[in-house]
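Accompanying notes for the structure given below.
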Amino acid sequence: MNTLENPRPRRYSGDLALGLKDQIINQDLDAIRKSIDPSAFQGKGVLVSGGSGFLGSWICDTLIGLDSRIICLDNLSTGVFENIDHLKTVKSFKFERADVCTYSKNPKVDMVFHLASRPAPEDYQKHPVETALASATGTDRMLDLARKNDARVFYASSSEAYGDPEVFPTPESYEGKVDPLGPRSCYEEGKRFGEALCKAYHDQYGLDVRIARLFNSYGPRLRAEGLYGRVISRFILQALRGDDITVFGDGSQTRSFSYVTDTVSASLLFMGLDRSSEMVLNIGMKEENNIRDLAERIKAIAVSDSSVRFLPLPAGDHMRRLPDTARMERLLGWSPSLRLETGLDRTLRWFRSQKP
Ligand code: UDP
């Protein structure tokens, strides 16, 4: 038996501070819980693939606080056990270290959140086969498990399903512009195939699938180091250490950044709908920020002496990303609210509070 699995089961006390000892995360979890109707999740059995990753662990934390029973599935290839360490002794939480592609059990669940993936561009380009298969074989396994249970499915797709888009803001109806042999194809085409498979299960078996095209999200627990680092967490760590802040290209490329509370609230609102008139939804902020400005903002918030160093733009990097959020606002009756300054400040304070 895996030694990480539930050594001392106990009931969850309802105290979100339990073991987390982290004020910022607890406040953020409270904000997420306040934004959603708990009844959709109370008493529900939920499997979260990629549950030890950045967004997966936030979903586990939120749902445990809403009295769901969680199976957290993760092979720890990019997820980190520390993200869910505080939950391992909670009775309604079970961690299973397993690969989503070869997971052979069929536990009884009401919902499946499929987030298992390798989302960092430098990392997934080093592991293109595992990346493509997590979206293909892994999605098939999760859909098959859901079908056996007649469970509802949340598929974490990505803004990268649009590839290098030419329409801004980008609506869900845009088909995308993707090179199947490009440097990012294992992720982009992987996510697109995962979506196609979700639709196939829906059309053939009537499975209730919800596809979320998640735009760049950030916040506490986003990995910062080495190949796993995403732009905001990496810049924050560089600023805190006084290292050069590494801007790729001239930094004129843009992204829209959504703080983790907004991404998780929207995801759970989408999954909480009794019936959804839409299968696919953009989840993101309709604010566009360029990377050069982002570097300067983080440097200023951190009061850092770091210099900004310009490095070559990686092949296949995208120049713009901006979601059309009209469908999200209409379907959920909600829109993201946390401003970038606030989110950066919270993320920076969280990183600062970590051990060096
Ligand atoms: N980026 C950068 N420096 C870094 C890491 C990323 O300038 O050290 C840029 C990258 O070129 C991209 C943007 O920041 O245009 C977002 O990168 P990230 O890796 O977070 O994810 P992406 O949105 O490209 O999937």
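Remember, it's 1-based here, ligands and their atoms both numbered in the order they're listed.
Judged by the shortest distance from any of its heavy atoms, Arg184 lies inside the 4.0 Å radius around the atoms of ligand 1. For Arg321, the closest heavy-atom approach to ligand 1 falls below 4.0 Å.
The ligand atoms of ligand 1 that sit less than 4.0 angstrom from a heavy atom of Val247 are 7 (O).
Distance from atom 9 (C) of ligand 1 to its nearest protein heavy atom, with residue and atom name: Gln253 NE2, 3.9 Å. Residue, atom and distance of the protein heavy atom nearest to atom 10 (C) of ligand 1 are Asp317 OD2, 3.2 Å. Arg230 NH2, 3.0 Å is the protein heavy atom nearest to atom 21 (O) of ligand 1. Given atom 25 (O) of ligand 1, the protein heavy atom at minimum distance is Glu160 OE2, 3.0 Å. Looking from atom 13 (C) of ligand 1 to the surrounding protein, the closest heavy atom is Ile291 CD1, 3.8 Å.
For a threshold of 3.5 Å applied to N or O pairs, the pair formed by His318 and ligand 1 contains no separation below that value. Not one N or O of Pro119 is nearer than 3.5 Å to an N or O of ligand 1, by distance alone.
Residue contacts with ligand 1 for Val231 involve both N, CA, C or O and side-chain atoms from C-beta outward (heavy atoms, distance under 4.0 Å). By the criterion of a heavy-atom distance under 4.0 Å, the side chain of Asn216, and not its backbone, is placed next to ligand 1. Under 4.0 Å from ligand 1, heavy atoms of Thr246 appear from its side chain as well as its backbone.
One finds a salt bridge joining Asp28 and Arg346 here, because a Lys/Arg side-chain nitrogen approaches an Asp/Glu carboxylate oxygen to under 4.0 Å. Ionic pairing of Asp61 and Arg221 is present here: one or more N-O contacts between side-chain nitrogen and carboxylate oxygen are shorter than 4.0 angstrom. The pair Lys44-Asp110 does not meet the salt-bridge criterion, since no charged nitrogen lies less than 4.0 angstrom from a carboxylate oxygen. Using a 4.0 Å cut-off between a side-chain N of Lys or Arg and a carboxylate O of Asp or Glu, Lys148 and Asp144 qualify as a salt bridge. For Lys94 and Glu96, the salt-bridge test passes: some basic side-chain N is under 4.0 Å from an acidic carboxylate O. Classification of Lys191 and Glu189 as a salt-bridged pair fails, no side-chain N sitting under 4.0 Å from a carboxylate O. Salt-bridge annotation for Arg234 and Glu122: present, with a side-chain N of the basic residue lying under 4.0 Å from a carboxylate O of the acidic one. For Arg297 and Glu341, the salt-bridge test passes: some basic side-chain N is under 4.0 Å from an acidic carboxylate O.
Using a 3.5 Å distance cut-off with no hydrogens or angles, the side chains of Tyr124 and Glu160 do pair a donor with an acceptor.
Linking ILVMFWY residues whenever their side-chain heavy atoms come closer than 4.5 Å, directly or via other members, leaves Tyr259 and Leu322 in distinct clusters.
Looking at Gln238, Arg255, Arg234, it is Arg255 that brings a heavy atom closest to atom 23 (O) of ligand 1. The heavy atom nearest to atom 5 (C) of ligand 1, considering only Tyr187, Phe310, Phe248, Phe257, is found in Phe248.
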